[in-house]
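The structure appears right after this line, and notes come after that.
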Amino acid sequence: MSFVFYLVSALTLAGGLAAILLKNTVHCALALTVAFAGLALLFLGLDAQFVGFAQILVYIGAVAILVVFAILLTRGSETPKDGVYSKHWHTGLVIAAAVFAVLGWAVLQSIRVLPYQTPAPQVTVMQIGNALMTRYVLPLEIIALLLTAAMIGAVIVAMHDKNGKNGKEAAK
Amino acid sequence: MNPLAAYLMVAAMLFAVGLAGALTRRNAILVLIGIELMLNAANLNLIAFWRYGPHPEALTGFMFAIFSIAVAAAEAAVGLGLVIQVHRHAHSTDLDAMNRMKG
C-alpha cells in the first residue's frame, strides 16, 4: 500500500476520532468535515471519482452545513456542566470495541482469499448515466421520491409549533 | 498488505469510532454525527469491494454507494429536524434527560 493511502487513512481516522472526542460541538462538526474529506480522497484512490465528488458535494457541502446549523439552532456549542459523555459510556465503549474486534478478526481471517491487485476499472460518467437510466431506473425514482418526502418531512417537523407562533420561535 | 484488506480495516476502525461516538455521547447531534461516520464506513466497504471485485464493470457496489449517500442525506435532514424540534420542546438535546415518549 502506498504512503498516500496511509496518510489519508490516518487523516480520516483522526478526523473521526476528533469528531467524537472534542468537547466543543462546533469543533466536532469541523473535525467531521475533515473525516468526510479524507473519505472522499479514499474514494478517489479507489478509482471511484464520481462517488468521491458526490461525497464532497453531499457530505461536505450539505450534511456538514446542516450539522453546524443544527448545533447553532440548539445552542449545542455550550459544554454541559456534567460532562459530554452519557452515564453509560463504559458500556458503549465496550460494545464498540467488541464490534471492532469482530470486524477486524473477520478481515484478518479472510486476508488470504481476498483478491489482490486487479486492473483499475475504466468507468466513464456516460456508463454511470446509462446504468442509472436503464438498469437502476427504479431505485433512482424511489430515491427521488424518498428525498422529496424527507425534505418536506424535515421542514414540517422542524417548523411545527403547537400554538402557531412559528415566527416568534424562529426569530428567537 | 493486501490493499482490499487495508481498506476494510480502515472502514472497520471508522465504523467502531462512529459506533463509540453514537453510544457514548450525550448530545443528540453528536449521536447523529456518529451514525453518519458509520454510514460512511459502510460506503467505503462497498466501494472497496466494487474496486477489487471480479466484475467492476457491472457497477453494482458503485450504485449501492451512490444510493446509500442519498439515503444518508435524507436521514441527516430528518434527524437534525427532529433534534431541533425536540430542543424547542424540551430546551435540551441531552439524551440522558430524554427518558419518556410523552411530552
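Chain A is the first sequence line, chain B the second, and so forth, proteins listed ahead of strands; every chain is numbered from 1. Worth saying up front: this structure is predicted, and the values here are computed from it rather than measured. Hydrogens, waters and symmetry mates are skipped; everything else that's a heavy atom, side chains included, is used.
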Heavy-atom pair count under 4.5 Å with chain A, highest-scoring of [options]:
options                           : result
B/Val71, B/Leu8, B/Leu14          : B/Leu14
B/Ala70, B/Gly34, B/Ala77, B/Pro3 : B/Pro3
B/Ala73, B/Ala72, B/Ala6          : B/Ala6
B/Met13, B/Met63, B/Arg51         : B/Arg51
B/Asn43, B/Ile66, B/Ile33         : B/Ile33

Under a 4.5 Å heavy-atom cut-off, does chain A meet the side chain of [X], its backbone, both or neither?
X       : result
B/Leu44 : both
B/Phe15 : side chain
B/Leu95 : neither

When you compare the side chain of [Y] with that of [X], does any pair of heavy atoms fall below 4.5 Å?
X       : Y       : answer
B/Asn40 : A/Phe36 : yes
A/Leu93 : A/Tyr85 : no
B/Val17 : A/Ile20 : yes
B/Glu36 : A/Val67 : no
B/Ile69 : A/Val51 : yes
B/Val86 : B/Thr93 : no

Where on [X] is there a heavy atom nearer than 4.5 Å to chain B: the side chain, the backbone, both, or neither?
X        : answer
A/Ile142 : neither
A/Arg112 : neither
A/Ala35  : side chain
A/Thr12  : both
A/Leu32  : side chain
A/Ala149 : neither
A/Phe69  : neither
A/Leu57  : neither
A/Val99  : side chain
A/Leu39  : side chain

Could you tell me if the ring centre of A/Phe53 sits under 6.0 Å from that of A/Phe43? no

Most chain B-contacting option - heavy-atom pairs closer than 4.5 Å, from [options]:
options                              : answer
A/Ala29, A/Ser110, A/Gly15, A/Pro139 : A/Pro139
A/Ile111, A/Asp47, A/Val123, A/Leu21 : A/Asp47
A/Ala19, A/Ser2, A/Gly16, A/Ser86    : A/Ser86
A/Tyr59, A/Trp89, A/Tyr6             : A/Tyr59

Do [X] and [Y] belong to the same hydrophobic cluster, where Ile, Leu, Val, Met, Phe, Trp and Tyr are linked whenever their side-chain heavy atoms lie under 4.5 Å apart, directly or via other members?
X       : Y        : answer
A/Ile65 : A/Met151 : no
B/Leu46 : A/Leu103 : no
A/Leu30 : B/Leu80  : no

Nearest heavy-atom pair of B/Val78 and A/Ala150: which atoms, and what distance?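 Between these two residues, the closest heavy atoms are CG2-O, 3.7 Å.
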
May I ask you to check whether over 12 heavy atoms, not counting those of A/Gln122, lie within 6.0 Å of atom CD?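 12 or below, so no.
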
Does CZ in B/Phe67 sit with more than 12 non-hydrogen atoms of other residues, nucleotides or ligands closer than 6.0 Å? yes

